[in-house]
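So you know, we letter chains A, B, ... as the sequences are listed, proteins then strands, and number each from 1. Keep in mind the model is a prediction, meaning the values are calculated, not measured.
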There are 2 protein chains.
Amino acid sequence: MKVTGRNTRRRGDILNESIYNATIELIKKVGYHNLTFQQIANAAETSRTVLYRRWKTTYDLIREIIEYKVTNVLGGPLIDKIEDTGSLRGDLMHLLSLYQSLYVEVDHEIMNAILFEMGQNKDKISEIEINATNKNILVMRKLLQFAKNRGEKIKEVSDATLTLPFDLIRVENILRKDGIDTKRLELLVDEILLPVFLA
Amino acid sequence: MKVTGRNTRRRGDILNESIYNATIELIKKVGYHNLTFQQIANAAETSRTVLYRRWKTTYDLIREIIEYKVTNVLGGPLIDKIEDTGSLRGDLMHLLSLYQSLYVEVDHEIMNAILFEMGQNKDKISEIEINATNKNILVMRKLLQFAKNRGEKIKEVSDATLTLPFDLIRVENILRKDGIDTKRLELLVDEILLPVFLA
DNA sequence: TAATTAAGGTACACACTGTATCTTAAGGAG
DNA sequence: CTCCTTAAGATACAGTGTGTACCTTAATTA
């Protein structure tokens with residue numbers, strides 16, 4: 001603690017946000033791989049003890065930050081945010097834009113860190129992430145139902161294929177990461193997603 | 001060193017392979033994130049000094065292991081291994097099988113570690129990896145040329161879309177990782193790749 | 001056999017981890 | 001307003017890993 005006296009000990013949400021922000025800045029600077037509780041504590045001007053009490057690993061912290069940020073960015077679950085825009089192409093563009101906005105707002109490094117841990121920790125994380133995958137499948141089912149209701153001819157595909165829009169955004173953000181603009185998203189829709197889903 | 005006397009100091013390839021194998025085993029055990037030079041040195045029964053002399057980071061070591069393994073598994077560059085099987089479907093299946101075999105033989109963790117670093121280290125790695133991406137594009141061009149020569153109608157797509165087969169295998173190995181069998185690869189070909197590339 | 005090269009040993013200062021123990025500020029209940 | 005509970009923050013310690021420097025000596029080559 002730098003300042004002694006009254007009003008020097010933060011709690012609850014104020015402290016949390018300070019830790020979140022410090023963590024995000026640190027990840028941008030040193031990367032997820034080099035992220036340490038020690039540095040987070042320094043940056044957030046708190047104590048390592050506080051961090052260890054709440055999170056076992058930096059991954060647990062990151063996960064919490066994502067959840068916090070997602071609700072802030074989207075303002076609610078993804079499935080409530082998709083709309084019937086009048087065409088499958090428009091709906092897919094809207095979906096990709098929404099999902100992409102998460103990567104931009106939450107920060108690539110953090111989103112990719114999650115993806116990486118999914119590839120490493122076979123057991124404990126899968127529960128959380130399988131859940132996320134299932135939610136994404138439901139989003140796509142709803143989106144394709146819009147198209148069917150409009151009379152568009154939709155192919156019957158497996159659940160695994162329904163995750164394709166999300167997978168594409170993930171790959172884009174790992175490999176390309178810069179210049180993922182509307183034009184790029186349109187290319188994904190026109191060259192990949194529409195041929196896959198539209199009969 | 002455990003044993004003193006003659007023939008106790010390994011060099012060159014024998015030492016290298018010992019280090020490679022120890023690293024692979026360690027990654028399987030503790031994951032890339034927790035991989036340390038110290039543990040590698042112990043497991044390979046060598047000295048940390050030896051490791052630091054040759055590799056600056058565990059990532060550099062991993063990268064070398066992949067190159068070593070790839071030539072062992074495939075027996076040469078990927079572009080020389082694809083064949084005209086008589087149909088685009090057959091060619092794509094063959095390509096996916098080859099690329100998937102890398103993940104199985106080299107170990108998921110290591111392949112994913114590379115992917116993760118690609119997402120983190122924007123600068124230095126991109127040169128290597130952009131190169132790899134370009135090679136993959138050439139592979140797909142060659143494969144699609146087989147199809148054109150046979151008279152199959154092939155869509156004109158952007159280069160970024162040509163990396164789709166590789167991207168799909170990557171995603172599979174991050175998220176699903178178990179049960180990526182022939183049936184799964186067939187689904188990728190029939191539901192995604194053929195609709196994208198075949199007119 | 002001598003010279004060169006590289007493996008292996010030892011040591012050091014520093015950073016991070018995880019845990020335990022203690023103090024004390026903040027916020028609520030009465 | 002005071003007491004009490006809760007949680008923030010300070011301090012300390014043993015263990016592990018890092019990166020580097022310096023030295024010794026085995027293996028290879030000339």
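Note: the hydrophobic cluster containing B:Leu187 does not contain B:Leu92 (ILVMFWY, side chain heavy atoms under 4.5 Å, direct or indirect links). A continuous path of hydrophobic side-chain contacts links B:Val73 to B:Ile180 [ILVMFWY only; heavy atoms under 4.5 Å].
Distance, B:Arg10 CZ to C:dT5 C1': 18 Å, rounded to whole Å. Atoms CH2 (B:Trp55) and P (D:dT20) sit 16 Å apart, rounded to a whole Å. Between the P atom of C:dA25 and the CD atom of A:Glu45 lies a distance of 18 Å, rounded to the nearest Å. Distance B:Ile14 CD1 to D:dA27 C1': 11 Å, rounded to the nearest Å. Atom CG of A:Asn16 and atom P of D:dG9 are 11 Å apart (whole Å). Rounding to whole angstrom units, CG of residue B:Asp13 and P of C:dA7 are separated by 11 Å. The nearest whole Å value for the distance from the CZ atom in B:Phe37 to the P atom in D:dT20 is 11 Å. The nearest whole Å value for the distance from the CZ atom in B:Arg48 to the C1' atom in D:dG19 is 7 Å.
Neither OP1 nor OP2 of D:dT20 sits under 4.0 Å from any side-chain N or O of B:Tyr52. Considering only side-chain N and O atoms, A:Ser47 lies nowhere under 4.0 angstrom from the phosphate OP1 or OP2 of D:dA8. A close approach under 4.0 Å does occur between a side-chain nitrogen or oxygen of A:Arg54 and OP1 or OP2 of D:dA8. A sub-4.0 Å separation between OP1 or OP2 of C:dC16 and a side-chain N or O of A:Thr36 is present.
Ion pairing between A:Glu67 and A:Arg63 holds under the 4.0 Å rule for side-chain N and carboxylate O.
Ring geometry, A:Tyr99 versus A:Phe166: the interplanar angle exceeds 60°, so the pair is classed perpendicular (tilted spans 30 to 60°). Using bins of under 30°, 30° to 60° and over 60° for the plane-to-plane angle, the ring pair A:His33/B:His33 lands in the tilted bin.
Closest to the B:Thr49 side chain, of the nucleotides D:dA26, D:dA8, C:dG8, is C:dG8.
Comparing A:Arg53 and A:Gln38 by the nucleotide of DNA chain C whose heavy atom lies nearest to each, the residue mapping closer to the 5' end is A:Gln38. Nearer the 5' end of DNA chain C, as judged by each residue's closest nucleotide, is the contact made by A:Gln39, out of A:Arg11 and A:Gln39. Each of B:Leu35 and A:Leu15 has a nearest nucleotide on DNA chain D; the 5'-most of these lies closest to A:Leu15.
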